[in-house]
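Working notes, beginning with the structure itself.
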Amino acid sequence: MYYYEIYIENNRGIYTYKSKEKYEIGQWCIVNFINRYKMGLILAITEESKIQIDISKIKKIKEAAPVLSIPDNLMQLIKWIRNYYISDYYSVIKAVYPGALKLNYSKKAIYQKDFLENEYLIGEDNSENSLDEIKKFNDYMKKRKEVTIATLKKNFSSKIVEKAINEKVISIEKKVILNSKISKGEKKKSEIAEKEIILNDEQQKAVDTIKNSENQIFLLKGITGSGKTEIYINLIKESLKQGFGSIFLVPEISLTVQMIQRLEEEFHNEVAILHSKLTDKEKREEWTFIRNGEKKIVIGARSAIFAPVQNLKYIIVDEEHENTYKQENNPRYHVKNVAIKRAFLQNDNLEEDETVKSKKIKVILGSATPSFETYYQAQQGDIELVELTKRYKNAKLPKFEVIDLNETAENFSEKLLDKISQTLKKNEQAILILNRKAFSNLLKCKDCGNIPTCPNCSISLNYYKYDNQLKCHYCGYETQFNSTCDECGSHKMRQIGAGTEKIEEELAGLFPSARIVRVDSESIKTKQNYEKVYNDFKNHKYDIMLGTQIIAKGLDFSNVTLVGIINADIILNFPDFRASEKTFQLLTQASGRAGRGEKDGEVIIQTFNGENDVIKKTIESDYEGYYKNEMIIRKMLNYPPFGRIVILVISATEENLAKEKAQTLRKEIVKNIDTVVKLTTNNFISDAFKSPIYKINGRYRYQIFFKFERENILKIKKIIKKCAGKFQKTEKKLRITIDVDPINMM
DNA sequence: AGCACGCCGACT
DNA sequence: GTCGGCGTGCTC
């Protein structure tokens with residue numbers, strides 16, 4: 001008899017089942033759980049002696065489930081993520097294995113005997129219709145022997161079905177049915193584009209380095225327009241010819257239209273594109289194709305890192321500095337971390353032979369402005385740095401100009417207005433960026449000073465003029481704006497902090513003949529929307545594209561010669577140690593939109609902080625210099641990449657409860673840690689303090705901030721896990737979230 | 001203190 | 001769905 005540790009679908013616990021059959025780790029099976037058949041995943045095989053519970057309670061596994069198993073390397077990855085991010089099997093497996101692949105359960109009716117027609121008629125409906133129905137029922141059942149209850153109910157009255165059950169004409173059995181019917185659409189023969197990609201010397205050198213190096217992790221640092229994509233495609237293509245697959249990760253599928261079109265052109269039906277909009281059926285098909293090795297290239301956002309690609313060779317994380325690579329709910333993993341772990345896990349498992357080198361997975365992190373944490377690893381030699389310094393087709397870098405907003409009361413400085421007019425006159429295009437949607441950030445009453453705030457969150461409501469609503473960006477709360485102050489009834493509500501909607505209005509007033517398009521998450525709700533706007537702008541159906549940071553990235557328009565940053569300070573003021581790094585990235589990325597074609601580009605940055613080092617280093621295009629300055633501060637304060645951070649958020653609907661319990665939990669953790677690591681400024685636990693966003697969705701939030709030397713972090717995480725777990729068991733009203741290596745500090 | 005009752009979470 | 005643990009509130 002074998003004993004197995006089993007994860008049961010949609011259940012938080014791990015249970016022991018037994019079987020005479022041998023099951024593999026990662027295989028799915030059917031088990032009886034609370035009188036229901038459920039899918040179970042084999043996590044481990046255990047020895048009888050190690051079982052904690054009463055062995056007589058242990059049930060038998062019913063049978064193997066007829067679904068594809070999770071490959072061994074992904075099972076190891078699941079276990080690692082659960083451990084590293086202080087998560088649980090339930091959340092991690094949900095993230096890794098698409099729900100669409102699961103089994104369904106339906107009740108089946110099994111033929112037992114015929115209805116005795118006369119018997120049925122006594123005291124019942126004896127019309128012609130019902131006699132016919134009885135006959136039909138009998139014939140039906142006799143022929144099919146078994147049929148789902150759902151089908152029966154569709155074809156017969158509920159009365160007759162009920163009667164059939166009562167008189168044991170049919171018996172009911174719960175049957176497991178496979179939800180993963182794959183349509184037998186034949187995969188077409190591979191038709192890889194044979195179009196030759198011409199690489200310049202620098203690109204060719206980069207390709208050769210990545211191919212031939214003994215290293216497994218690479219940082220491809222290349223300024224915008226230096227042609228990283230060609231390098232990716234070249235590597236994927238070459239490895240594909242030898243039967244290897246690749247995973248290509250992008251920050252957000254809907255915003256990377258160009259990249260995806262490009263890869264589809266190159267690889268046609270070898271490509272599976274994974275994204276959240278796929279239907280269940282599509283997800284099943286794609287997963288199965290990938291698992292069976294019929295599709296070898298996967299493109300997708302974050303979760304595509306879990307694609308069961310066969311003979312995986314390259315994992316490419318494009319725009320590796322992007323925040324969207326960090327999942328903001330449990331499991332709070334960072335895809336970069338997971339990608340590297342996946343590569344190492346698999347590489348370590350390889351059989352040592354002469355082909356081992358060619359089978360090793362390589363991870364390529366690509367960016368024009370690498371996150372400082374990645375760049376630090378490259379400096380340390382943990383990651384091999386591959387640099388591209390020439391702009392593709394020798395396009396020049398744009399010219400910068402900084403405008404001090406202290407000198408003007410307007411949203412547009414004279415200089416920026418002048419530059420926009422000139423651009424329009426030359427029949428060229430401009431991109432204007434403001435990292436704030438809505439019409440205004442907040443409203444403030446001139447008479448009493450009241451600021452309308454979300455009732456669920458401690459956040460001022462944003463004002464949207466187009467539908468005259470006040471909206472909360474955190475919980476989605478919306479309310480009609482009636483032009484008066486709720487507190488004092490005054491009509492003088494001042495708009496503070498202009499958003500894209502307002503800028504659009506001003507712009508239309510200033511340049512009445514210009515064709516303007518606004519792009520932010522409010523105006524672009526679907527991928528189709530985005531693609532249309534993108535193509536229309538490219539075809540010069542618009543003169544000015546105005547938008548939030550979503551237009552700062554990756555767009556390639558050769559006729560854009562002016563980029564204007566309306567206000568560079570918005571991110572800079574966030575309570576986040578990465579705020580200035582993020583600002584540097586945004587400004588650099590944005591300026592890369594200018595001058596991608598033959599014409600020279602120009603960038604105008606409007607800011608209240610012209611003297612800030614970030615702005616200075618941006619206009620000097622001095623990544624290295626800014627990195628060095630920032631590292632001095634990080635080192636001094638022991639922030640990543642030096643120290644490690646964990647944030648614990650304790651929330652409750654009752655304000656006092658959240659506060660008190662957060663303090664209690666903190667004390668408990670401090671007590672435990674105190675015996676293991678001496679607390680200093682570098683090994684630090686904050687008080688339980690109000691989160692920067694104190695209230696979200698009706699829950700009051702307190703957080704505890706942990707900052708520790710790297711070598712202590714394992715011990716610390718263990719203690720946090722233990723204490724928080726114990727605490728959560730007794731404190732049901734509290735919600736505790738643990739964020740390891742947080743990106744969002746609010 | 002002892003017991004009935006009802007709520008809620010666990011169920012291998 | 002059903003069992004048991006726990007908190008509450010009533011009674012001795």
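Per chain, numbering begins at 1; letters A, B, ... match sequence-line order.
In this structure, Lys717(A) satisfies the cation-pi test against Tyr84(A), with its NZ or CZ atom closer than 6.0 Å to the six-membered ring centre and inside 45 degrees of the ring normal.
Between the CD1 atom of Ile6(A) and the P atom of dC11(B) there is a distance of 15 Å, rounded to whole Å. Look at NZ on Lys732(A): it is 17 Å from P on dC7(B), rounded to the nearest Å. What separates NZ of Lys729(A) from P of dC6(C) is a distance of 13 Å, to the nearest Å. Taking atom CZ on Phe33(A) and atom C1' on dG9(B), their separation rounds to 12 Å, with Å as the unit. In this structure, the NZ atom of Lys38(A) is 15 Å from the P atom of dA10(B), given to the nearest Å. We find that CD1 of Ile34(A) is positioned 11 Å from C1' of dT12(B), with the value rounded to whole Å. When the P atom of dT12(B) is taken as reference, atom CD1 of Ile14(A) falls 14 Å away, rounded to whole Å. Atom C1' of nucleotide dT12(B) and atom OH of Tyr15(A) are separated by 8 Å, given to the nearest angstrom.
Atoms OG and CZ, from Ser691(A) and Arg699(A) in turn, are 12.0 Å apart once rounded to the nearest 0.5 Å.
Checked against a 6.0 Å centroid threshold, the rings of Tyr90(A) and Tyr7(A) do not count as neighbours.
Classification of the Tyr702(A)-Tyr694(A) ring pair by plane angle, with boundaries at 30° and 60°, yields perpendicular.
Counting non-hydrogen atoms under 4.0 angstrom, Ile58(A) reaches the backbone sugars and phosphates but no base.
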